[in-house]
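Take a look at the structure set out below.
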Amino acid sequence: MLYRTAGQFKTSYAADHALFPVRQDAILLGVVLILAFVVFPLTASEFAFRALLIPVLIYALAALGLNILTGYAGQLSLGTGAFMGVGAYACYKLITLFPEMNIVVAIALSGFFSAGVGALFGLPSLRIKGFYLAIATLAAQFFLVWLFQKWDWLYNYSASGAIHVPNISMFGITVAGPRAAAITQYYFVLAIVCVVTFFAINITRGRIGRMWKAVRDMDIAAELVGINLMRAKLTAFFVSSYIVGVSGALFVFLWRGAAEANLFDIPLSFRVLFIAIIGGLGSILGNYLGAILIVALPVIISAVPAMLGLPLASATVEHLNVMIIGVLIITFLIVEPHGLARFWAVIREKLILWPFPH
Amino acid sequence: MDFLNAIFVQPFADMAAAPDFLLQVVWEGLVGGVLYALIALGFVLIYKSSRIFNFAQGIMVVFAALTLVGLTEKGVPALLALPLTLLVMLVLAVTIERAVLRPLVNQPDIILFMATIGITLFLIGFGEIIFGGENKVMITRELMIPTDSITLDLFGGFVSIEQKDLTSVIGAVLLVAALLLFLNRTKTGRAIRALGDDHQAALSVGISLSTIWVVVWFIAGVIALATGIAWGARAGVSFALEVIAYKALPVLMLGGLESVMGAIIGGLAIGILEKLFEVYWGQPLMGGNTEAWFAYVVALIVLLFRPQGLFGERIIERV
Amino acid sequence: MKKMMKTAALSAALAAGVALALPASAQEDSIYIPNLSYRTGPFAATGTPLMNGQRDYITLLNERDGGLNGVELTYDECETGYNTEKGVECYERTKENAVVTQPWSTGITLQVLPKSNVDEIPILAPGYGFSPMADGKVFQWAFNPPSSYWDGASMILKHISEGDLDNLNGKKIALLHLDHPYGKEPIPLLQALAEQHGFTLLPIPVGLTEMQNQSAQWLQIRRERPDFVLMWGWGAMNAGAVTEAAKTRYPMDQFIGIWWSGHDGDLKLIGEEGKGYRSISWSVPVPDSQLVQDIRQYVVEPGKSLIENESELDSVFYQRGLMISAMLVEAIRAAQEEFDTQAPDAEQVRWGLENLNMDEARLEELGATGMLVPFKTSCADHTGHGGAWMLEWDGEKFVKVSDLITPDREAIEPLEKQEAEAYAAANAPWPVNEECEM
Amino acid sequence: MNERPDHVMLTAPDDGIARGDVLLEAKNISLAFGGVKALTDISLNILKGEIRAIIGPNGAGKTSMLNVVNGFYTPQHGSIVFRGRERRAMKPHHAVGQGIARTFQNVALFKGMSTLDNIMAGRSVMMKRHIGWQMLWHGPALREEIVHRETVEEIIDFLEIQHIRHTPVGKLPYGLQKRVELGRALAMEPSLLLLDEPMAGMNLEEKEDMSRFIIDVNQQRGTTIALIEHDMGVVMDLSDRVAVLDYGKKIADGTPDAVKNDQGVIDAYLGVPH
Amino acid sequence: MMTTSAAVPAQEPDNLILEVNNIEVIYDRVILVLKGVSLSVPKGGITALLGANGAGKTTTLKAISNLLHAERGEVTKGNIVFDGAQVHNLSPNDLVRRGCIQVMEGRHCFGHLSVEDNLLTGAFTRRDGQTAIREDLELVYTYFPRLKERRGSQAGYTSGGEQQMTAIGRALMSRPKMILLDEPSMGLAPQLVEEIFEIVKQLNEERNVSFLLAEQNTNVALRYAKYGYILESGRIVLDGEARALRENEDVKEFYLGIGGEGRRSFRNVKHYKRRKRWLS
């Protein structure tokens, strides 16, 4: 009965098109936002910010970008890491070429570079499908990482080939760079992630989202109801890569503080893909749930033996960790192939009926 | 002009000037290509029979090689370790069939693909716990693989051919021949091909999926072991071997996910071409390491013109 | 009903928030020494003996002496797999009570370096990291004793040119390096020296994914026929390179590696064929030293070591691991004495690292005669530039084949200064300690 | 609510062609897939405002013919004249733009989307607001969404599928899926509607309903309809003219009665009652 | 619609090779396709399952041969007895072993395999040795002489009729007691259809193979079958002796295409029936 939807009637299409037609959903979101904006900042330690909260948000954003491409438009991509790299390097160049540029502007602009590169590598999707396309996106992955290494202009000819985030202030507060406080960075990331998520929800439920989903569910039929496949796929690559690029910029500027080309290599792509799939393809919420599971879980698992006082070597813990993640992925795929988001949907449906069984 | 010269003229002049070196480059590429082809073959077999894009093929190479070496390190004689390793690969195949494939039957491709990444992670962790992560020496001598090298004096220079490379090439050829014989001449082989052609029909005539899957994953395991021995003899056995699996993926694009011949020819072609490109164009012009992406870009370009790959059949879409 | 739901949700949220404030592993009566180790992944082969050495040295102190001046040393490994991302996570996880951080990868060092001024935890990166960290005025919290990569490059050149770099005029020197911050580190110095002394530098990068398949790189070497090949290799790359060198018939006596490319395990892979390969090193294994005997007695025999067989005790990397811990412990000891405290904090340990004096007498007291180059750090000099020896593979083990070689500081120092200043400028505001005297 | 609401019908776009004139003409169409002939030299026309049926045994090439008409396949020979314009090849989405909509033999709905979204997808061509407005949702994008939603709701009312508005279509029974698919085609406001086996898998009552929908669409909106159907009763009752295909060739064309009594048709398709 | 089953003498259970009792099939856990279908096939009989596209014929056959599982469908109610044993939990492989094999709609030959290899795959479940299999291969060739001529060609390049023959021959190779034959006439010229059905009849008479055939071509099917069931929207709406069905007015009207008298034209339906059919 906690989740009763009965009695909530919609009297206009506008109301039916509201973000949360069900009141309880809105309340729940409110609670989550209070948690994110008030409770966590009050309670979290610096370690929690840096190892849990900030990465969860950034990874969720990257997964959201990928999800638009894979979950909504049905184009499997294994090149997410490289597109994050494009965003990060673009932001780095913008900041170092125009030191006066506001960091928000720089991050927003860097997304466009990644979007452009993404759309370029999305071109093959017009002819190639399925796994062939997935492998084609690996071409982007390997080529771009190679480029990040070889094109020394990108990292301002630094000897190590790494880029470093300088101290950047906004309104007198240091938001990026070594001097930035974790809590500031957390709020900064949270704000951007919230805004992008809001936009993403709107895009995915409107005309463009329908177009993508149609292409995903049956591209031939989509073409035959008048959807321009090329437009639909390329916008998906564009929007997806934009978000991924922004997440890449945040990844380096608001979290890592420095980066080398290898950071954007294939494990990063897979990590984001895991998040999107475990969270649930074609769901916005899923990205957050997936990120919590994939990013936070290893951190917690590695802390468990120490808490229990088990004398396990750190390497063994790490091996076990890898094994557990592997098993978890398989288990989740078996139990709920549609991801955590579907899990939540089932729970929500149960809650609507609760306490009655049917 | 200099630029064009460096691209279109100089490399060929270099090739002509040092034919022994060119031969050496081609040979190196060929040896690499044979291994790519083997890995691609493992992918193809599994894909054909179960529509699973088996990402774990790379880690299976490592796991097989590690098991072999690990067993010898624990004091098992090499000639006993080899069948034992095969047994381990069989157990692995059965386990994967029971624990992963069977519960996930009929799921979308991407789910199965993710599951094989899950298997990859599991095997990485498991392998490291059991065998440790350090670089190990392939038991080349114990397996009676010759390790000397043959130097051929040619064109006023020399071509150096490692006997173990030669052995792995010959071994690979024999393995492929045996495999083709198995696929074409035996009941199980016929069933595997049938399954690749038409899943439903194969089920309908009573071909047992679980049996075939175990067989196919086991064969993939055998191929992995062969690859592991060959590659391990070149560069030692460690988890870094896993990355060669990435090299097999463009081979698959080029050859088609379902074509055995495609995997072999694609593998050889990519092995040789990437080496030539790296040595004559990549290193002088682009700062090297082009092998990281060359195969992908070639495959991508080919696919743009032939979306079904070099050996795939034309796809006719129906509604 | 709605209210109840809200309360429930809020309290759940609070609980989650509390959980986020993870308990730190604080212990009052001990000194917490975290180590960002890597015993997994493609670099595990080289990491493991180093970590074993570091760990066993600390265990020895705790077992034999009951700690350091009565305080237990808590050695804690956090596994990074040589992965920069994991490394940073480990850094964040362990920094709370740490008196030092040992990033164990040039990539992680570069990540942690900008934070050092803020977090105020000294970075100890012996023989790795950013070479200009030697400049203690700029990098107040970073230490890379006893020699930096640039020192290493300089010493190798000095050795192969028989003392006079101008002998290299007209020669071609290849730098086979891991395409990673670590491998790229010596390039600026080598380039500067190449210009100065008229030799050609040919950097040959090996990608992380190509470590075991270097045939393209060695084909290039065969074509270019460099007079010397220097190697900045790590993990599986070393074994691959030495194997390929043997195959390409590149003369082993023209092939020299940095100290991280001198791992017994790598060379054992090719045995006899690797004979003549040299690796510069600031540590030398001394199998029967007092220290190693103590380790055997107090750590290995009671089964407190993680080593897999005793022969590992005599390997270059294991003993180097011992020496690294020895440097750290000596710094802590110095801090204890200076500040008259049992458990010095990070700031005090930093002082200890700045005033490290590992002379031969001290080494002898530690039972480690000849195991480490003697060196001395100061406020301005965070490296010590102790120099190194040349080791050569005799087919079974590495043996010392040279006297102590010292780097050509005059050539290096200006470049160090310049790079350090550039770094500070790029990371402004970056505090510079002008009080240091040279 | 026994009477169908009158305001439902979105009228077919005025294409300047009078009722009874040729709307579409296929001339000498031949189509082959890698040597296998699917269609051989087929000519047929569709008149404005009629219900035109194409029948024939399975594999006779009926669906291929529809695919040629709406641009999904490009024939090797022959051309299509639609609304007076001749063409060999066109992209399917252009065909939609010109007013050709269709349904599919094996329901080609977007399975992961709700009924509402499926039908809304049919209006993709008519929705123009760009991504900037989409992101914000409020303002023009929302207004556009609501305008089209109203039209779609009319179709939903007409087809009586209100109750499954928010159900993912993958979960609907076959008969309802067919109806949703018809709704999606209607949302495109076509002047020519191609229906590929609209009655497949339906029982008599459902067929009667579907027939009524087809007739209403045809009569009230003036939409020209071409349909493929196996149920001879339906075909004979509904259609104005019937073309019979067999082995990719046209073997008969004419009024239902003429076709029914054509000996060639009886031999090839209807079968000889023994 | 009326049911004529009462008019037929009850079939003796031990004479039945197949008995399907009130099965319900659900796809993807939500789509109810069969809503309680019961039918039976006597030993040595040819029984036809008739109905329009999408009525559930194929689903019924797949439920029996257990190929449903591969399409995310499952039997949620009822049971299936083949040759005296409950079989609805067995794998297709087990069923073939027990002698029940399906020939799928649209032939489904293995396109890249030769005709002979196609036939040999049918013997996958057999354990009685090469000679026996070779003998059966020759037997199949005597029934389908055309296949012998084409034995070496890739099945994908043979004609529709040859593929249908290959598919049936392949099923024969498993030495079945019963063949579930799905739409054998699909896409075939009338003459070929007759040819195929003649062979079915021969096999039935000479080899004592029972058949359950799903057909849209009611006309042909009812000429060869002894008994028939008519399926509509997942329910059996009519069943009876083939002869009786052929005389039935409704069947004539809806399935044989020969106009019954007094039938209401679809054009004359004046309003929609407002019933919640989706709940059924």
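Lettering follows sequence order; numbering is per chain, from 1. Computed over heavy atoms, backbone and side chain alike; hydrogens, waters and symmetry mates excluded.
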Verify salt bridge (charged side-chain N to carboxylate O under 4.0 Å, His left out) between E:E215 and E:K57, making sure each step is shown before the conclusion. CA-CA 8 Å; E:E215 255 305 343; E:K57 301 189 300 286; over 6 Å; no

Does any part of the side chain of E:D94, heavy atoms only, come nearer than 4.5 Å to the side chain of E:T125, both counted from C-beta? no

Looking at E:F124, is B:R190 sitting on its ring face, NZ or CZ under 6.0 Å from the six-membered ring centre and within 45 degrees of the normal? no

Taking E:K62, E:Q102, E:M173, E:M104 one by one, which has the highest count of heavy-atom pairs under 4.5 Å against chain B? E:M104

Which bit of E:R126 is near chain B, if near means a heavy-atom gap under 4.5 Å: side chain, backbone, both or neither? backbone

With a 4.5 angstrom heavy-atom cut-off, could you sort out which part of E:T121 is near chain B: side chain, backbone, both or neither? both

Rounded distance [0.5 Å steps], CG in B:L249 versus CE in B:M253: 9.0 Å

Given the side-chain rings of B:F126 and B:F122, with only the six-membered ring counted for Trp, is the space between their centroids under 6.0 Å? yes

What part of E:A155 gets within 4.5 angstrom of chain B, counting heavy atoms only: side chain, backbone, both, or neither? neither

Examine whether an atom of B:I192 lies under 4.5 Å from a heavy atom of chain E, and if so say whether it belongs to the side chain, the backbone or both; otherwise answer neither. neither

